[in-house]
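Have a look at the structure below, then the notes.
Excluded from the calculations below are hydrogen atoms, water molecules and symmetry mates; all remaining heavy atoms, backbone and side chain alike, are included.
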Amino acid sequence: MVGLETQQKRMCDEEQPPTSKTMRYDRQLRLWGDEGQDALESASVCLLNATTLGCEILKNLVLPGVGEIHIVDNNTVSVIDVQTNFFLVPGDVGKARCECVISSISQLNPETKHTAYKLSVSDFVQNHLDSLKRFSVFIVSNLSLSEYKEIAQIAWDANIPLVIANIVGMYTEIRIIVREHCVIESKPDTPLPDLRLDKPFTELIDFYQNIDLSAFTDTEHAHIPFVVILLKCLDQWRSSHNGEIPRNHKEKTEFKSLINALRRKTDEENFNEACQNVNKCVVATSLPSNVKDLFEDPACCVSASASPFWLTAAAVKQFYNVRGVLPVSGVLGDMTADSQSFVALQTLYRDKAASDAQAVAEYVQGFLKKLEVPTEYVSRDLINKFSKNARFIRVVRTNSVESSKEAMRESLETFADEPDDLSHVVLLFRACQEFLKSEGRWPGDEENNLAVDEIKLTQLLREIQNSIGLSADNPPPAMFIKDFVRYGGTEVPSVAAFSGGIAAHECIKLITSQYVPVDNCFIYNGGSQLTSVFKF
């Protein structure tokens, strides 16, 4: 039976009518589930400077149901703001920008709480220092580093993600700053099935070896799970290949011949599935590089200062050291099979996953007892989730907002010879921030000073290149410098809307701890439709 799990889920859904919440958020619940939605609804996001880009980010957080939004901005609405920001109208000119924007955005979702602060960033920090650590994410847009340096340090010390979203004309920079972000549910796009065909566990061996293919009727034969077919053929292959599995293209082509030899009819779908899954499922079970890095991380140890995440990671490491494999995920996809066989196989994998998770839990409890820490410090839910997703665990660490010069130089040099190099955009945003710091305005903001601003911006670029060890003899192309000056710090609404969606997705990843966020600087050129990611 194809798609048994899907059919069973539909039956359950029919028995439980959807609530208004599940109907409103149906699409996103399919992405990050109830747990992710709960995290989003409990989150509090703070935007510093209500630019068009910043407002587009908030829009894409309010619509899916973020709990609270806070806007810090001491500017008044200008005519240019009205021309570029969808959430402002002509009647807002001269009014507090934060109040006008939050009034419009809040209408998108009445369940989101909202607060506006008509304050400079420095005043906001001084007046609300005790409450800053309650925020889930800080978003900074088009401010110089000197304006948000203090709050960046607070965020870094408290391990609160900081998302820097800058925009000038057609160019956007989205940079994520976080000391440590642990992702258990990274949800890769095309994960390989975790079937352990090369190292079958005892229960799986007993299951498939007790199946006699020759005793089945033609109908039963056409509904043998492809996992059983592959295991049967692997036994045959290993007997003539020193116990090894097929590894290269030639061997796997020969292996498919063994599968086809077991067919009774050419149209048996389960045998087609077996052949289709050879490359994905008949593979050597090994330790993924990301998990190896996790195990070698100095934080992966048993200590009184270790977080629940790292204690669980240490327990999984102990599990691997003892058994030579990671815990079984217990996930079995749909396949052509009769209901009885599929449910039996599915139960077998789920029971094995539960058994492995229990073993990890026992290691965790042993660690906690040794440390004299309460057993509830590490929840069983965390252990189960960690065990299920052990192959895909990721830890993201970035530099602080004042990046090391060496890291920036190495990252930019990597792309320097690429035909679609956008490293110069990174440098231009840095130069613009320095210009904003020294002049109190964006380059090109005064029409009569365009030529002078180009000279100043070029000089700042050279200084930045020298400071990070890049040759100043190879500055960004003049056309890009002219572009940044020509735009005068204005925002193109369509670019802001597109980039706002991207930045909001990154915020959601950080809030839900699902999916892997950009690591760590995303650059978008709306004119050429090119993107690049730099790490520094």
Would you say [X]'s side chain and [Y]'s backbone share a donor-acceptor pair under 3.5 angstrom?
X: H424; Y: D421; answer: yes
X: S355; Y: D351; answer: no
X: E251; Y: R247; answer: yes
X: T336; Y: E269; answer: no
X: Q514; Y: W32; answer: yes
X: E268; Y: I224; answer: no
X: T312; Y: P308; answer: yes
X: N159; Y: E180; answer: yes
X: S239; Y: Q236; answer: yes
X: D356; Y: V328; answer: yes

Q: For residues L230 and A274, report the shortest heavy-atom separation together with the two atoms involved.
A: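 Taking L230 first and A274 second, the nearest heavy atoms are CD2-O, 3.5 Å.
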
**Q.** Atom of A158, atom of R179 and distance for their closest heavy-atom approach
**A.**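 Closest pair (atom of A158, atom of R179, distance): N-NH1, 4.2 Å.
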
Using 30° and 60° as the class boundaries, would you call the ring planes of [X] and [Y] parallel, tilted or perpendicular?
X: Y320; Y: F295; value: tilted
X: F201; Y: Y349; value: perpendicular
X: W237; Y: F255; value: perpendicular

Q: Given side chain to side chain donor-acceptor pair (under 3.5 Å), test E173 with Y524 step by step and report yes or no.
A: CA-CA 7 Å; E173 173 191 43; Y524 172 60; over 6 Å; no

Q. Passes side chain to side chain donor-acceptor pair (under 3.5 Å), N260 versus S257? Steps please.
A. CA-CA 5 Å; N260 289 322; S257 299; 5.6 Å; no

Side chains of [X] and [Y], heavy atoms from C-beta outward: is any pair under 4.5 Å?
X: I508; Y: Y515; answer: no
X: E41; Y: V66; answer: no
X: V518; Y: I174; answer: no

**Q.** Ring centres under 6.0 angstrom apart (H221, F271)
**A.**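 Between F271 and H221, which both carry aromatic rings, the centre distance is below 6.0 Å.
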
Q: Answer yes or no: does atom CD of Q340 have more than 12 heavy-atom neighbours from other residues, nucleotides or ligands under 6.0 Å?
A: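 Result for CD/Q340: open.
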
(Q) Is it true that, when you exclude E220 itself, more than 12 heavy atoms of the residues, nucleotides or ligands shown sit nearer than 6.0 Å to its CD? (A)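 Yes, because the 6.0 Å sphere around CD of E220 holds more than 12 heavy atoms from other groups.
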
Q: Would you sort out whether N272 and R263 count as a side chain to side chain donor-acceptor pair (under 3.5 Å), showing the intermediate values?
A: CA-CA 10 Å; N272 292 338; R263 288 180 185 267; 2.6 Å; yes

Could you give the side-chain donor-acceptor pairs of residues 382-396 under 3.5 Å, partners two or more places apart or in another chain?
| unit_1 | atom_1 | unit_2 | atom_2 | d |
| --- | --- | --- | --- | --- |
| N384 | OD1 | R380 | NE | 3.0 |
| N384 | ND2 | R380 | O | 3.4 |
| K385 | NZ | E35 | OE1 | 3.1 |
| K385 | NZ | E35 | OE2 | 2.4 |
| S387 | OG | I383 | O | 2.9 |
| N389 | ND2 | K385 | O | 2.8 |
| R391 | NH1 | L192 | O | 2.8 |
| R391 | NH2 | L192 | O | 3.1 |

Q: Please assess N166 against Y171 for the test side chain to side chain donor-acceptor pair (under 3.5 Å), listing each intermediate value before the final yes or no.
A: CA-CA 8 Å; N166 295 321; Y171 302 96; over 6 Å; no

